Amino acid sequence: KDRANYLGFKGFGKTYKAYEKSQNKAQNIPIGNTTAFDGQKVELLCGDYVCDDTGVYMPCNGFMQTICMHPVMPVERLVNIDTGEEKLKIAYRSTKAWRETVASKETLGSASQIVKLWSKGISVTSKTAKDLAEYIAFMEIKNIDKLATTSSVGRLGWIGTGDEKKFAPYVDGIVFDGEDYCKRLFESVRQQGSFERWVETVNEVRKNCKTARIVLAGAFASVLLKDFNLHPFFIHIYGGAGLGKTLLLCLAASVYASPIKGDYITTFNSTVSPLVMVYPITE
């Protein structure tokens, strides 16, 4: 310092301390520090955070502050094609296997809301909520080019117009981002089994049951209502026990989805509203 002053460099002490501080930081946190979770879907830059199989930490005053006691990281951005709302898919490993959940940015960015992830198996409390919210936000911004962006929907039904018009969930590259109670409904609409066997069975039923023909016609017509600007309709089937009402219900549901009760088939007091709603009749 004296030598520097002699040579006319009056700010040597201040400059040296700044350099020393930068070197200490560089030694503690390597440049380009990345996540090191075993089995992670993508490797992300994590800045000053330490991310390994024991959890997520932040160096603070000579000790490690715990952000989360197990691996957790954003792995995908979802953009809803109807609303433009963005959500994040969060991957975490609180047990042996990796799991994933989708949450809105409103939830992830709020200390009072992010604690809801506790019910999903993510270790977060009112004490760590703010730190976890900041970590998730940092990871998304820091890795905006690394996180895949996927179009999403929160409903069943038609998407797009004209020649590009398609029916969700039968659309490649689009994932479901809705509430958990709707997820089972969305996933129940799928192709399964032998189509030829289904057609053979349905044709046989139609030959012998006029009511079955009505029910099937109603099921197929339901998806055409929007294009023809028509109102929804009900098919009311009534009668005593053992006449096959529930079987007819399953037949109608099988046109689009799983005919198992609780998947696609629901009741009047359900908050879920499928595109084609078929109801059992109370005895």
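Keep in mind it's a predicted model, so treat the numbers as computed, not measured.
Remark: L224 engages F228 in a side-chain contact (heavy atoms from CB on, under 4.5 Å) (not counting sequence neighbours). In this structure K166 satisfies the side-chain contact (heavy atoms from CB on, under 4.5 Å) test together with V171, sequence neighbours excluded. For D38, the salt bridge (Lys or Arg N to Asp or Glu O under 4.0 Å) test picks out no residue, with sequence neighbours left out. D52 meets the salt bridge (Lys or Arg N to Asp or Glu O under 4.0 Å) test with no other residue; sequence neighbours excluded. With sequence neighbours excluded, no residue forms a side-chain hydrogen bond (donor to acceptor under 3.5 Å, both in side chains) with T201. For S258, the side-chain hydrogen bond (donor to acceptor under 3.5 Å, both in side chains) partners are D263, not counting sequence neighbours. Residues forming a side-chain contact (heavy atoms from CB on, under 4.5 Å) with V42 (at least two apart in sequence, or on another chain): L44, M73, V75. The salt bridge (Lys or Arg N to Asp or Glu O under 4.0 Å) search around K165 returns D227, not counting sequence neighbours. Taking the side-chain contact (heavy atoms from CB on, under 4.5 Å) definition, one finds that T95 meets it with nothing, sequence neighbours left out.
Below 30°, between 30° and 60°, or above 60°: for F167 and W158 the angle between ring planes is above 60°, a perpendicular geometry.
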Assess whether ring-ring contact (aromatic ring centres under 6.0 Å, His included) is satisfied between F233 and H231, documenting all intermediate values.
-> CA-CA 6 Å; F233 60 85; H231 293 297; over 10 Å; no
Chi angles and distances behind the salt bridge (charged side-chain N to carboxylate O under 4.0 Å, His left out) call for E85, K105 = CA-CA 9 Å; E85 180 184 3; K105 289 192 175 182; over 6 Å; no
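The only member of F138, Y57, F37 that meets ring-ring contact (aromatic ring centres under 6.0 Å, His included) when paired with Y49 is F138.
Applying the salt bridge (Lys or Arg N to Asp or Glu O under 4.0 Å) definition to pairs two or more places apart or across chains, none involves residues 207-224. Annotation: salt bridge (Lys or Arg N to Asp or Glu O under 4.0 Å) contacts involving residues 54-78, sequence neighbours excluded, comprise E76-K89, R77-E86, R77-E140. For residues 190-204, no residue pair satisfies the salt bridge (Lys or Arg N to Asp or Glu O under 4.0 Å) rule, not counting sequence neighbours.
If you take CG on D48 and OH on Y135, they are separated by 13.0 Å, rounding to the nearest 0.5 Å.
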